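The structure appears right after this line, and notes come after that.
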Amino acid sequence: MLTISAERLRAITVKIFMATGAPEDSAGLMGDALVNSNLAGHDSHGVLRIPAYVASIQKGAMFPAARPAIIAETATTALVDGRWTFGHLAAHYATDVAVKKAKENRISLVSIVRCHHIGRLGEWAEQAAREDVIAIVTVGGGGSGRTAPYGGAAGAIGTNPISFGVPAGEMPMMVVDIATSAIAEGKIQVARAKNADLPPGTILDKHGQPSVKPSEFYDGGVLLPFGGHKGYSIGMVVELLCGALAPGNLYSDKGAHGAAIIVGIDTKTFRPDGSYGSVADHLLRNVKATPPAPGFSEVLLPGEPELRAREQRLREGIPVPEATWDAIVEAGRRVGLDVTAVV
C-alpha cells in the first residue's frame with residue numbers, strides 16, 4: 001500500500017485529463033472531485049476511476065472538451081444535457097442550476113441526461129448544502145443492472161444510489177450518501193485491488209449462491225440490495241424516478257437509458273426569518289448527546305466519518321493500493337504522461 005498526498009494525487013489527475021484534451025478548468029474539477037472522494041474515505045469513487053475514464057475517452061465514448069447545457073427549463077425545473085463529457089462536470093453544472101432555481105423559487109427539480117458516471121453523490125449534495133440548499137441527489141433507471149431484486153438471483157436494477165445534503169447553522173452539514181445495493185460496485189473494485197474479501201451478504205455468484213469473492217462478482221455475479229426488502233424498495237423508487245420521470249431513454253444515442261435527478265429546497269422555504277439553522281443545530285446536538293451503546297464511544301451523525309477521514313488523510317496522506325497506482329501509471333502512459341514524475 002502506497003501513501004500519496006492529496007496535492008500530488010490532484011496534480012496527477014489534472015495532468016492526465018488535460019492530456020486527454022480536457023480544458024484546465026474541467027480537469028481541475030475532476031481532480032477536486034476524485035480526490036475529495038478519497039479524502040472522504042470513499043476510495044471506490046476516487047482516483048481508482050481514472051483508468052476507466054481514460055479508456056472511455058480513448059474509445060470515443062466520453063468527450064473531455066464538451067460542456068453541459070440546459071435543454072429545456074421552467075422557473076423551477078431544468079433538463080440538462082451532459083453531452084457525454086465527464087459526469088462530474090455535468091453534475092456540478094446541474095447542481096449549480098438546482099441551487100440557483102431553489103434560491104429564486106424555494107424549490108427546484110433538475111434532471112441530467114446523456115451523462116456518464118457522476119461519482120460520489122455526496123459531492124453534489126455537499127455543494128448544494130454549502131449554499132443553504134437542502135439537496136436530494138440520485139441516479140439510476142437504466143432498466144438493467146447488476147443488483148438483484150429482493151428474492152431474485154439475477155441483476156435487474158443498478159446500485160441506484162441516493163444522497164441527501166442537509167445544511168445546519170453552526171453544526172457541520174449532515175450528509176447521507178448510500179447505494180441501495182448492499183455495497184457499491186466501486187467498493188468491490190477496491191477489495192479486488194487489495195485482494196480482500198467482501199462483507200458477507202453483499203453478493204451472489206453466477207449460480208445464485210452467496211459469495212465474498214470480488215472475482216465471482218465479475219464472473220457473472222450480482223449485488224444484493226441492502227436491508228432486504230427495504231433497500232430493494234428504495235432502489236425501485238430510484239429506478240422509477242431516474243428511469244421514468246427523467247427522460248434518459250429519449251436521449252439514448254449511446255444506449256444509456258438512465259439519468260440523474262437533483263432536488264433543491266431552500267432552507268428559507270418555510271422559515272423566512274432565517275431560523276432554520278438554529279433549529280437544525282438543536283436537533284443535531286440532541287442526537288449527538290445520546291448516550292453511546294456498549295461497544296461504541298460516541299454517536300456519530302451522518303457525514304461525520306467522512307469529515308474525520310478528510311482531516312486524517314489531509315494530515316497523513318491517502319492510501320493507494322499498488323494495483324490502483326499501477327493502473328493510474330499505465331493510464332498516464334497511454335496519454336503520453338509519466339505519472340511518476342508528477343510532484
Side-chain angles (χ1 to χ4, degrees), residues 1 34 37-38 40-53 55-56 87 116-122 137-163 176-243 255-258 260 302 305-306 309 319-324 326-327:
M1 184 75 72
L34 295 186
S37 291
N38 287 112
H42 294 290
D43 298 324
S44 55
H45 291 69
V47 296
L48 172 144
R49 299 278 180 168
I50 291 173
Y53 296 156
S56 290
H116 284 287
H117 182 252
I118 68 173
R120 182 178 73 96
L121 302 195
V137 185
T138 189
V139 64
S144 64
R146 300 292 296 277
T147 303
Y150 180 67
I157 62 176
T159 57
N160 290 10
I162 186 167
S163 181
V176 178
D177 187 1
I178 57 172
T180 56
S181 53
I183 188 173
E185 190 272 331
K187 295 190 185 300
I188 303 180
Q189 294 184 36
V190 172
R192 180 174 60 177
K194 293 180 178 179
N195 196 28
D197 286 347
L198 302 171
T202 56
I203 68 167
L204 302 177
D205 66 18
K206 63 183 177 183
H207 304 294
Q209 298 299 312
S211 174
V212 296
K213 301 298 181 183
S215 60
E216 294 190 343
F217 172 77
Y218 291 109
D219 185 30
V222 295
L223 289 154
L224 291 169
F226 86 86
H229 66 283
K230 296 182 179 180
Y232 162 56
S233 299
I234 297 172
M236 284 302 300
V237 171
V238 173
E239 189 75 6
L240 292 179
L241 282 175
C242 296
H257 292 185
E306 287 80 359
V320 180
E322 283 85 352
T324 299
D326 291 344

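Because the structure is a prediction, the values reported are computed rather than measured.
In this structure P305 satisfies the side-chain contact (heavy atoms from CB on, under 4.5 Å) test together with L300, sequence neighbours excluded. Y53 is linked by a ring pair (Phe, Tyr, Trp, His ring centres under 6.0 Å) to H88, counting only residues two or more places apart in sequence or in another chain. For S56, there are no side chain to side chain donor-acceptor pair (under 3.5 Å) partners two or more places apart in sequence or in a different chain. The side chain to side chain donor-acceptor pair (under 3.5 Å) test applied to R120 returns E123, E126, not counting sequence neighbours. Every residue two or more places apart in sequence or in another chain that forms a side-chain contact (heavy atoms from CB on, under 4.5 Å) with L198 is listed here: I183, I188, A191, T202, I203, P214. In this structure P210 satisfies the side-chain contact (heavy atoms from CB on, under 4.5 Å) test together with L204, sequence neighbours excluded. For D43, the side chain to side chain donor-acceptor pair (under 3.5 Å) partners two or more places apart in sequence, or in a different chain, are N38, R313. Taking A193 as the reference, P321, A323, T324 meet the side-chain contact (heavy atoms from CB on, under 4.5 Å) condition, with sequence neighbours excluded.
Between Q209 and E216 the shortest side-chain heavy-atom distance does not fall below 4.5 Å.
Across G201 and A182, no two heavy atoms sit closer than the pair O-CB, 3.9 Å. T138 and L121 get closest at one heavy-atom pair: CA-CD1, 3.9 Å. Nearest approach of P149 to Y232, heavy atoms of both residues: CB-CE1, 3.4 Å. Among all heavy-atom pairs drawn from I118 and G87, the shortest one is CG2-O, 3.4 Å. Pairing each heavy atom of G228 with each of Y150, the nearest pair is C-CD1, 3.6 Å. Considering all non-hydrogen atoms of both residues, D177 and G122 come closest at OD2-N, 2.8 Å.
Each side chain to side chain donor-acceptor pair (under 3.5 Å) pair with one or both residues in residues 219-230, not counting sequence neighbours, appears once here: K206-D219. Applying the salt bridge (charged side-chain N to carboxylate O under 4.0 Å, His left out) test to every pair with at least one member in residues 191-205, sequence neighbours left out, gives these pairs: D197-K213. Within the structure, no pair that satisfies the salt bridge (charged side-chain N to carboxylate O under 4.0 Å, His left out) test touches residues 182-191, not counting sequence neighbours.
A donor-acceptor contact shorter than 3.5 Å is absent between the side chain of T147 and the backbone of L224. Between the T180 side chain and the G231 main chain, no donor and acceptor come within less than 3.5 Å of each other. Between the side chain of R146 and the main chain of T159, no donor-acceptor pair closer than 3.5 Å is present.
Of the inter-residue distances, the one linking C242 atom SG with I157 atom CD1 reads 11.5 Å to the nearest 0.5 angstrom. Distance CD/E306 to OG/S37: 10.0 Å, rounded to 0.5 Å.
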